[in-house]
K.L.:
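Below is the structure I would like to discuss, written out as structure tokens.
Index from 1, following the sequence. Indexing begins at 1, ligand by ligand and atom by atom, following the structure's order. If you're wondering where the values come from, they're calculated on a predicted model, not measured in any experiment.
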Amino acid sequence: MIEAAYFYNKLSEFGIGFFSGVPDSLLKDFCAYITDNAQKQNHIIAVNEGSAVALACGYHIATGKIPLVYMQNSGIGNAVNPLLSLSDAEVYRIPMVLVIGWRGEPGVHDEPQHIKQGKVTCSLLDAMGIPFTVLEKNKEGADRQIELCFNTIAKTGSPYAFIIQKETFTPYCLQKNENIDAAMTREEAIKEIAAMRDGIIVSTTGMISRELYELREKQTPPNHERDFLTVGSMGHASSIALSIALQKPELNVTCLDGDGAALMHMGALAAIGTQKPRKFCHIILNNGAHDSVGGQPTIAPGIDLPAIARACGYINVHQADTKETLQKILAEKNDNLTFIEVKVKKGARKDLGRPKSTPVENKTALMNYINKVV
Ligand SMILES: Cc1ncc(C[n+]2csc(CCOP(=O)(O)OP(=O)(O)O)c2C)c(N)n1
């Protein structure tokens, strides 16, 4: 293994001074090191990976220097368009170093949503014509590869990628660990919501879906038929929920979103507010962090989510920071399109499990439930 600090400092020696990206669990030590050490204006935790590539391009245009973009391999999809139509050598030829966490690497156990992405990660980069290397886990190997990366960039003037395997970096603990002021844990909020909302729940990527799954697992007998766990496709839970709600107007539909996920594809709020589905409740559990992948901050604490929802056309708009307020809001009988921002603490139980049934089993159970009730 190598230290995140070592990789960071080596890259700095070659002139890397600007970082943007969306955090990833395999990169959490590297991301935390950047958060703690890069100057604020030179580290932008982006809302999505495409935006990170665009920010990197802007930095290069302004300074002539080489930026770095980090992402989980699930974010490659968000980045394909700017990588092919902006930074590519056949368009604006903008150099950058990509650092990509390799979830679902063949032969390494991982969750179902990462398997396909893991299999095609290298071939996707090949198809895009982006040269890459899998970062070695020792200093000598890494040194050689870093030199090769910058020699290649000097010739091509365009992106070069490091693929990062599990356990490449030694643990580094985020020092700038800011907490938003909240009384409830995320799990407590989910418990209240699951108990008080009838109908179905479409939950977002990461620990929110895992906590919902565990909660239903504790029922006797365990029952997951009312939930759609958006285990991958971060940021798209609310669009899935919108479409179900439009097709099944008699069904209560709740979207359990995260602040990072809601920011990632925020345009979905405008689509929901315009459609105004009845019996639809969009809840953002705001902990101000990408908690599921290491707790790096999101920009949510600095923006007014209820005001955005109102401006997008949501009808009932609420904010809750205590269990009592949340219960009061959920008890209101009003079928108009509703938005609730729930302020929750960062952090999760250490022993939080993962879904044991497959995505297809979960989807089938939910479809059967919907057919049964509406
Ligand atoms: C496109 C994409 N980029 C990055 C990730 C990695 N990832 C999984 S969960 C997560 C954080 C989600 O943050 P938030 O929605 O605020 O929920 P929290 O984890 O704080 O509950 C990230 C970045 C991903 N799954 N997909």
Side-chain angles (χ1 to χ4, degrees), residues 20-28 30-32 35 45-53 69-82 98-104 110-118 121 124 164 174 177-180 182 184-190 193 202-214 229-239 255-266 268-269 282-301 303 305 341-349 352 354:
S20 183
V22 178
D24 167 36
S25 48
L26 298 189
L27 302 178
K28 76 173 175 1
F30 182 56
C31 293
T35 300
I45 299 180
V47 292
N48 64 54
E49 293 80 357
S51 173
V53 171
V69 171
Y70 58 82
M71 68 180 79
Q72 181 175 99
N73 53 349
S74 17
I76 296 174
N78 282 336
V80 167
N81 181 28
L98 303 174
V99 176
I100 303 174
W102 197 358
R103 294 295 304 262
D110 212 331
E111 296 304 301
Q113 66 273 22
H114 295 295
I115 304 300
K116 186 63 180 257
Q117 188 79 51
T121 294
L124 276 175
I164 310 295
L174 182 67
N177 203 352
E178 285 153 23
N179 265 317
I180 73 168
M184 260 178 299
T185 65
R186 189 180 47 216
E187 205 168 14
E188 285 164 349
I190 295 174
I193 295 159
V202 180
S203 57
T204 184
T205 315
M207 287 174 177
I208 290 178
S209 280
R210 287 168 61 188
E211 287 171 348
L212 178 64
Y213 185 90
E214 290 248 310
L229 311 177
T230 313
V231 288
S233 281
M234 179 174 164
H236 292 307
S238 61
S239 295
C255 174
L256 261 190
D257 224 341
D259 51 305
L263 285 163
M264 183 167 271
H265 294 299
M266 207 166 191
L269 270 82
H282 189 174
I283 301 176
I284 297 184
L285 299 173
N286 185 1
N287 54 10
H290 291 102
D291 199 31
S292 303
V293 291
Q296 287 83 7
T298 69
I299 49 174
I303 64 169
L305 288 170
E341 179 192 14
V342 185
K343 298 259 179 75
V344 291
K345 288 181 192 160
K346 242 167 96 165
R349 262 188 300 125
L352 184 63
R354 293 179 184 275

K.L.:
What residue among Q296, K345, K346, R186 forms side chain to side chain donor-acceptor pair (under 3.5 Å) with D291?
P.N.:
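Per the side chain to side chain donor-acceptor pair (under 3.5 Å) rule, the option paired with D291 is R186, out of Q296, K345, K346, R186.
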K.L.:
Quick one: list whatever passes side chain to side chain donor-acceptor pair (under 3.5 Å) with S203, sequence neighbours left out.
P.N.:
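With sequence neighbours excluded, S203 shows a side chain to side chain donor-acceptor pair (under 3.5 Å) to S209, given in chain and number order.
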K.L.:
Surrounding CD of E111 (heavy atoms of other residues, nucleotides or ligands, distance under 6.0 Å), is the total greater than 12?
P.N.:
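Yes, CD of E111 has more than 12 neighbouring heavy atoms, counting only those of other groups under 6.0 Å.
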K.L.:
Going by ring-ring contact (aromatic ring centres under 6.0 Å, His included), name the residues that satisfy it together with F30, two or more places apart in sequence or in a different chain.
P.N.:
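F7, F169.
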K.L.:
With a 4.0 Å heavy-atom cut-off, what residues sit around ligand 1?
P.N.:
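Contacting ligand 1 under 4.0 Å are V22, P23, E49, Q72, S74, G75, N78, R186, T205, I208, M234, G258, D259, G260, A261, M264, N287, A289, H290, D291, S292, V293.
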K.L.:
Of all residues at least two apart in sequence or in a different chain, which pass the side chain to side chain contact (heavy atoms under 4.5 Å, CB included) check with A52?
P.N.:
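Only S20, A46, V69 meet the side chain to side chain contact (heavy atoms under 4.5 Å, CB included) criterion with A52.
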K.L.:
So which heavy atom on I193 is nearest to which on L285, and how close?
P.N.:
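Smallest interatomic distance, heavy atoms only, reads CD1-CD2, 4.1 Å.
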